[in-house]
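Data first, discussion second: the structure below is written as structure tokens.
Fair warning: this is a prediction, and the values are worked out from it, not measured in the lab. As a basis for the values below, the full set of heavy atoms in this structure was taken, side chains included, without hydrogen atoms, waters or symmetry mates. Lettering of chains follows the sequences in order, A, B, ..., and the numbering in each one begins at 1.
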Protein chains: 2
Amino acid sequence: MTKSSASTEAVDDYLKAILELSGPADARVTSNALAAHLSIRAASVTGMLQKLAALETPFVLYEKHRGVRLSPAGRRRALEVIRHHRLLERFLHDVLDYPWDEVHEEAERLEHYISERLEDRIAARLGHPGHDPHGHPIPAKNGAVAERTEVELSRWPCGVPGTISSVSDRDPAALREMKRLGLVPGTSVLIEPGARTGSVLVRVAGQTPTRLAPEIAAGVLIGEGS
Amino acid sequence: MTKSSASTEAVDDYLKAILELSGPADARVTSNALAAHLSIRAASVTGMLQKLAALETPFVLYEKHRGVRLSPAGRRRALEVIRHHRLLERFLHDVLDYPWDEVHEEAERLEHYISERLEDRIAARLGHPGHDPHGHPIPAKNGAVAERTEVELSRWPCGVPGTISSVSDRDPAALREMKRLGLVPGTSVLIEPGARTGSVLVRVAGQTPTRLAPEIAAGVLIGEGS
DNA sequence: CGCTTGATTTAGTCATGCCTAAATTTGCAG
DNA sequence: CTGCAAATTTAGGCATGACTAAATCAAGCG
């Protein structure tokens, strides 16, 4: 008796993790990578992947020892949860005045529990926004996600003006630091030449350049724009 | 090793049920009553009550075969969850335009997952309301609940003007019916004499009296007021 | 080609919370 | 006071989802 669908918090988290780790190329994701990302043991991952692949409508395509990829259903659910997350962040930030370094944790919990109805109401209330407060695109209801042409900050050429596109929301301290430096999505910056160990020298228009620590710089995407 | 605190969705639901069933007199609640209220088996209730009573800080006082009562900690948590629920209902209704017969279900799910922080933001945003959209009082953060002097509609004396105080939110159809009849909290009404089988003849100021079915009337509280 | 090493899977546990079936207790009628 | 019926508890299971320890697989090296 293969189980039907339904989706728990744990399942949602696996699907989101697979989507994030597989990248735009939809590469296979290893158990180890998932275990690290989810902070659980690899053995637990294997068990779950076997279940997710054995569902009546499987959420993943799984070949033992070769990693997993999302099935269409799995991708659909993952995008739905990400949509919930980013809409919630936008909502908490815009309507309830949450500071942008605090929205992530709350959204991470609630994303699993809001109904389709609430999702729609929030989106309507916000005017169907395209991005969360950190600059990440909000998937549409049909799963469409805006193209991402941005690159990591450390890969942007020196001397070419660019615009901060998004900032990782996984580390509140990093977000506070970015805010302090004025490096919020939409900000125009120049990369200055300087010693590289992953760290980056950034200049916000008209200000003194600042050095960003590698952990922080790694979470910043930058795109074209004056 | 007795387990510490933490509180799951299931635990919250038990505590809320005990609070609701024990009434203002804080009477003991039987396993059977809980089982019926929660739509689960009595045997499952027994197991859970034993756990809730064995916690490092017990949520209930439990004597086998004699029912349970909430401990101070249990009461505190129950009131917190009810506060979440009613604040959420108010919020969904006022800020997100949910119809009043739909707020209950959504709030029932979310009440377990909102942080203290979000609770506070919502309360602030609403101006610290005292009642949910159905007229039920919202417990204060310290657990204080407004006195309830109201009585069931069927117990209100005929001919004495009263004001609809609250309407049970457990049945969406009943709520729609009440809305249709204009019987929302705050409405002034008169009870007309008429055959009683639990049903009630109500007259909203200036209108023709309507007969309320017993299931519906049972969920309505009425108090003094023109 | 065989081996070592790291990645991965299997096997067996545990806690949560629900269920059924089988005691057992309680309380009320006679 | 007895005994039955209803309420309640015990015993034993199942599903979820995590963990540890012990296989096993795979991949690169010599």
Side-chain angles (χ1 to χ4, degrees), chain A residues 1-18 21-22 27-69 74 77 81 108-109 112-113, chain B residues 1-18 21-22 27-69 74 77 81 108-109 112-113:
Chain A
M1 179 64 78
T2 58
K3 277 293 160 45
S4 62
S5 56
S7 154
T8 66
E9 183 170 351
V11 169
D12 284 349
D13 289 340
Y14 274 92
L15 299 179
K16 271 206 308 178
I18 296 170
L21 294 175
S22 63
R28 275 190 297 250
V29 178
T30 67
S31 314
N32 246 20
L34 280 171
H37 190 86
L38 296 170
S39 302
I40 59 180
R41 301 298 173 172
S44 309
V45 172
T46 297
M48 180 61 99
L49 293 184
Q50 289 170 341
K51 284 177 196 164
L52 294 181
L55 295 174
E56 201 179 289
T57 304
F59 276 142
V60 303
L61 310 173
Y62 173 61
E63 294 173 81
K64 55 167 64 176
H65 296 286
R66 313 196 53 189
V68 276
R69 300 165 59 182
R77 175 61 186 166
V81 176
E108 189 72 13
R109 224 170 333 102
H112 310 288
Y113 304 110
Chain B
M1 178 64 78
T2 59
K3 275 294 158 48
S4 65
S5 55
S7 153
T8 64
E9 181 170 355
V11 170
D12 284 349
D13 289 340
Y14 274 93
L15 299 179
K16 269 205 312 178
I18 296 169
L21 293 175
S22 61
R28 275 190 297 252
V29 178
T30 67
S31 314
N32 246 20
L34 281 171
H37 190 86
L38 296 170
S39 302
I40 60 180
R41 302 299 172 169
S44 308
V45 171
T46 296
M48 179 61 98
L49 293 184
Q50 288 170 341
K51 284 179 197 165
L52 295 181
L55 294 174
E56 200 178 289
T57 304
F59 276 142
V60 302
L61 310 172
Y62 172 62
E63 294 174 81
K64 56 167 62 175
H65 295 286
R66 314 194 53 189
V68 277
R69 299 166 58 182
R77 176 60 187 166
V81 176
E108 189 73 12
R109 221 169 335 101
H112 311 288
Y113 304 109

> What integer distance in Å separates Arg66(B):CZ from dT26(C):C1'?
Replying inline: 11 Å
>> Looking at dT10(D), I'd like to know if its phosphate oxygens (OP1 or OP2) sit under 4.0 Å from a side-chain N or O belonging to Thr46(B).
In response: no
> Looking at Lys64(B), does any N or O in its side chain come under 4.0 Å of the phosphate oxygens OP1/OP2 on dT26(C)?
Replying inline: no
> Taking the side chain of Thr30(A) as heavy atoms from C-beta outward, which of dT8(D), dA18(D), dT8(C) is closest to it?
Replying inline: dT8(C)
>> I'd like to know whether Tyr113(A) forms a side-chain contact (heavy atoms from CB on, under 4.5 Å) with Glu9(A), so could you lay out the CA-CA distance, the side-chain angles of the two residues, the decisive distance to 0.1 Å, and finally the verdict.
In response: CA-CA 9 Å; Tyr113(A) 304 110; Glu9(A) 183 170 351; 2.5 Å; yes
> Between dC19(C) atom C1' and Met48(B) atom CE, what is the distance in whole Å?
Replying inline: 14 Å
> Does Tyr62(B) have a side-chain nitrogen or oxygen under 4.0 Å from the phosphate oxygens OP1 or OP2 of dT8(D)?
Replying inline: no
> What is the distance from CZ of Arg28(B) to P of dT8(D), rounded to the nearest Å?
Replying inline: 12 Å
> Asn32(B) side chain N/O closer than 4.0 Å to the phosphate oxygens (OP1, OP2) of dT8(D)?
Replying inline: yes
> To the nearest angstrom, how far is Gln50(B) atom CD from dA11(D) atom P?
Replying inline: 10 Å
> Which nucleotide in the set dG17(C), dT9(D), dG17(D) lies at the smallest distance from any side-chain heavy atom of Ala10(B)?
Replying inline: dG17(C)
> Given atom CG of Leu38(B) and atom C1' of dC18(C), what is their separation to the nearest angstrom?
Replying inline: 12 Å
>> Both Ala43(B) and Lys51(B) contact DNA chain C. Taking the nearest nucleotide for each, which residue is further toward the 5' end?
In response: Lys51(B)
>> Below the 4.0 Å mark, does dA18(D) have OP1 or OP2 next to a side-chain nitrogen or oxygen of Tyr14(A)?
In response: yes
> So does Thr8(A) get a side-chain nitrogen or oxygen closer than 4.0 Å to the phosphate oxygens (OP1/OP2) of dT16(D)?
Replying inline: no
>> Can you give me the closest heavy-atom contact between Arg66(B) and Arg28(B), atom names plus distance?
In response: O-CD, 2.8 Å
> Where do Leu15(A) and Val81(A) land on the side-chain contact (heavy atoms from CB on, under 4.5 Å) test, with the steps shown first?
Replying inline: CA-CA 9 Å; Leu15(A) 299 179; Val81(A) 176; over 6 Å; no
>> Nearest to the side chain of His65(A), heavy atoms from C-beta on, is which of dT8(C), dA11(C), dT8(D)?
In response: dT8(C)
>> Between P on dA7(D) and NE2 on His37(B), what's the gap in Å once rounded to a whole number?
In response: 18 Å
>> Quick check: on DNA chain D, is the nucleotide nearest Ala42(B) upstream (toward 5') of the one nearest Ser39(A), or the reverse? Name the residue that is more 5'.
In response: Ala42(B)
> Can you tell me how far C1' of dG17(D) sits from CG of Leu52(A), to the nearest Å?
Replying inline: 11 Å
> How far does OG of Ser31(B) sit from CG of Leu38(B), to the nearest 0.5 angstrom?
Replying inline: 11.0 Å
>> On the nucleotide dC18(C), are OP1 or OP2 found under 4.0 Å from the side-chain N or O atoms that Ser44(B) carries?
In response: no
> Got a second to check how far Asn32(B)'s CG is from Thr46(B)'s OG1, nearest 0.5 Å?
Replying inline: 9.0 Å
>> How many whole angstroms separate atom CZ of Arg41(B) from atom P of dC14(D)?
In response: 18 Å
